[in-house]
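By convention in this document, chain letters (A, B, ...) are assigned in the order of the sequence lines, proteins followed by strands, and residues within each chain are numbered from 1. The analysis underlying the following values was restricted to heavy atoms, covering all of them including side chains, and did not include hydrogens, waters or symmetry mates.
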2 protein chains.
Amino acid sequence: MPRRSIKEERRTQILDAFEICVARYGVEGATLERVAEEAGLARPLIRHNVGNRDDLLDALLERYLESSERSMQELVAALPQDKRLETLIDWLFGPAMVDHREVLVSNALIAAAAERPKLARAMRDWTRAFIADIARVVAEARPEAEQDAVEAVAAGIAAAYLSVESMAPLGPMTDLRRTSKAAAQRLAGTLEG
Amino acid sequence: MPRRSIKEERRTQILDAFEICVARYGVEGATLERVAEEAGLARPLIRHNVGNRDDLLDALLERYLESSERSMQELVAALPQDKRLETLIDWLFGPAMVDHREVLVSNALIAAAAERPKLARAMRDWTRAFIADIARVVAEARPEAEQDAVEAVAAGIAAAYLSVESMAPLGPMTDLRRTSKAAAQRLAGTLEG
DNA sequence: TCGTTTATTGTCTATCTTGACAATCTATAA
DNA sequence: TTATAGATTGTCAAGATAGACAATAAACGA
């Protein structure tokens, strides 16, 4: 008898819009009004399908953690057989690394974590996992390298990538992208021989 | 006849509070109410001494640009005669690098720059100036190094520093601080010989 | 067709935020 | 002392925001 539910579609539609707003305005600036407009839905539908503000943030966090882990795994899985580390750097600092939203979202979440212990824990884990993923590629590419060296190089590459992506609101900055990529390549080079 | 003006003191007091709120809540989350409470002043005094929201942001930006340029110059000026680059890295990644507020403010300003062209220009310049300051120290320490190499190393060190400081809301993260410092040292090492 | 379940819309209230202005208080110099 | 410029406080209106709920519309199965 019931009408078929489209709650799941609506939910992802709303979370997409919320994610865009968080990336653009920050967690505090992502008002329900803006989210509703971005989603092309009436505001009460947000409440109906997801819940209140806290529910939105919880849902976004959960979805973001899963999706960014998945996309990183896919990225690593798509790496070729040889020159894996070099290719990873090429991809990370490529001109069209996704649409820049991913890192903007993580930045907004990190910034908002100051007053939200749960968020802080989650983003701490997220950061460590991201670096660890890079470290794995580095370790495979340079099997003889020491553990500490691998970790330092991975952290450096991750920092360069995150830093460049954080600047997206400032516009292209292709020079910074180029020099940051060069820095990553230099770091990788320190593990050779 | 007039009563002596304390507008300047009040102004810095208010901008201090605004800066703290921007670091903690982001530009959108730094409401006048929070600023007033943080400053320990009545809200109308903000208007009386600085102006409306936009005036606040303009004033903060101007002050921030000047003060961060000055503090960077002082940092460089305070470097010892030898081991300048190594010391700079020690200081940048030291445990108590100021109070973490500086980079949080710049992050908030960068995030808010998406919809404010003037802000975007200013923060683009700020970023380039920061890297250039580091590049100068690097170039002095490694006079034989190529320009491109110097720029890459400087960008890498800057990225590592900014990245670590951005994580301040997540708590200490001393491991990340250590590995990031090691990455910076590695990068510096690529210019030797 | 009809009833049930869900989607969608409309509306209301409480609170927050901002901007603005009037009124009062206070220090300082004439 | 007194006039004056400025500091401080109080208050209000307009708009934005969030939360909640009732009412309506639409789909689906019996």
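Ranking dG19(C), dT11(C), dT9(C) by closeness to the R43(A) side chain, first place goes to dT11(C). Of the candidate nucleotides dG19(C), dT8(C), dA20(D), dG19(C) has the atom nearest to the side chain of N52(B). Nearest nucleotide to the A42(A) side chain, out of dA18(D), dT9(C), dT11(D): dT9(C). Checking dT18(C), dT8(D), dA18(D) against the side-chain heavy atoms of L45(B) singles out dT8(D) as nearest.
Atom CG in L56(B) sits roughly 10 Å away from atom P in dT18(C) (whole-Å rounding). A straight line from CD of E33(B) to C1' of dT15(C) spans 12 Å, rounded to a whole angstrom. The interatomic distance linking Y25(A) (OH) with dA16(D) (P) rounds to 15 Å, in whole Å. The CD-C1' distance, from E9(B) to dG6(D), rounds to 13 Å in whole Å. In this entry the distance linking CZ of R53(A) with P of dA18(D) reads 5 Å, nearest Å. Nucleotide dA20(D) holds its P atom 4 Å from the CZ atom of R47(A), rounded to whole Å. When rounded to the nearest whole Å, the span between CZ of F18(B) and C1' of dT18(C) equals 14 Å. E28(A) places its CD atom 19 Å from the P atom of dA16(D), with the value rounded to the nearest Å.
Distance check: Q185(A) CD to T190(A) OG1 gives 12.5 Å after rounding to the nearest 0.5 Å. Taking CD of E165(A) as the reference point, atom CG of L92(A) lies at 8.5 Å (rounded to 0.5 Å).
R10(B) comes within contact range of the sugar-phosphate backbone alone, with a heavy-atom separation under 4.0 Å but no base atom that close.
Aromatic ring pairs are classed by plane angle as parallel below 30°, tilted from 30° to 60° and perpendicular above 60°; the pair Y161(B) and F130(B) is tilted.
By the 4.0 Å N-to-carboxylate-O rule, D175(A) lies close enough to R128(B) to be salt-bridged with it. Residues R63(A) and E69(A) are not paired through a salt bridge, judged by the lack of any N-O separation under 4.0 Å between the basic side chain and the carboxylate.
Map L41(B) and P44(A) each onto its nearest nucleotide of DNA chain D; the residue landing nearer the 5' end is L41(B).
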